[in-house]
Amino acid sequence: FSTGVATEVPMFDIRGLNPSKEYQSLKDFAEQSCFDLSWSFAEVETANPAQLGVVVSTTPAPGTPVGQDAAITVSFGRAP
């Protein structure tokens, strides 16, 4: 029996977004997927100036299936 609601959807790619756009993108993703998601933030050192202050990676990675109650870690670049 199908409810018509997806049990998993692929994690979307937010790499390169600044914090305000990233936050809104996560909220939109949670609303569109009808999932209760949680997210946390981390900083990672990067020598690449283009990655300073923006999302450099997520766990799970883009394209990885995520489902109800998924926990997403968003890593931002910071100077060494």
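Residues: numbered from 1 along the sequence shown. All values reported here derive from a predicted model rather than from experimental measurement.
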How would you list, by chain and number, every residue that makes a side-chain contact (heavy atoms from CB on, under 4.5 Å) with F12, sequence neighbours excluded?
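Residues passing side-chain contact (heavy atoms from CB on, under 4.5 Å) with F12: I14, S25, L26, F29.
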
For T64, which residues count as a side-chain contact (heavy atoms from CB on, under 4.5 Å) partner, sequence neighbours excluded?
P60, A61

[X] side, atom [atom1]; [Y] side, atom [atom2] - distance, nearest 0.5 Å:
X	Y	atom1	atom2	answer
W39	T59	CH2	OG1	15.5 Å
Q51	S57	CD	OG	9.0 Å
F76	N18	CZ	CG	8.0 Å

Once side-chain hydrogen bond (donor to acceptor under 3.5 Å, both in side chains) is applied, do any residues pair with [X], and if so which ones, sequence neighbours excluded?
X	result
D36	Q68
E22	none
T58	none

According to the salt bridge (charged side-chain N to carboxylate O under 4.0 Å, His left out) rule, which pairs have a member within [range], sequence neighbours left out?
range	value
residues 40-52	E43-R78, E45-R78
residues 62-74	none
residues 46-60	none

What's the shortest heavy-atom distance between [X] and [Y], and which atoms?
X	Y	answer
G77	T46	CA-CG2, 3.8 Å
L52	A79	CD2-N, 3.3 Å
G53	P19	O-CD, 3.4 Å

Is there a side-chain contact between I72 and M11 in this structure, where contact means two heavy atoms from C-beta onward sitting under 4.5 Å apart?
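They are in contact (side-chain heavy atoms under 4.5 Å apart), so the answer is yes.
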
Other than V44, which residues form its hydrophobic cluster under the rule that side-chain heavy atoms must be closer than 4.5 Å?
V56

Can you list the residues that meet the salt bridge (Lys or Arg N to Asp or Glu O under 4.0 Å) rule with D13, with sequence neighbours excluded?
R15

If two hydrophobic side chains count as joined below 4.5 Å and joins carry through other members, does V54 share a cluster with F41?
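Cluster IDs for V54 and F41 differ.
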
Run L17 and Y23 through side chain to side chain contact (heavy atoms under 4.5 Å, CB included) and show every step you take.
CA-CA 9 Å; L17 295 182; Y23 179 75; over 6 Å; no

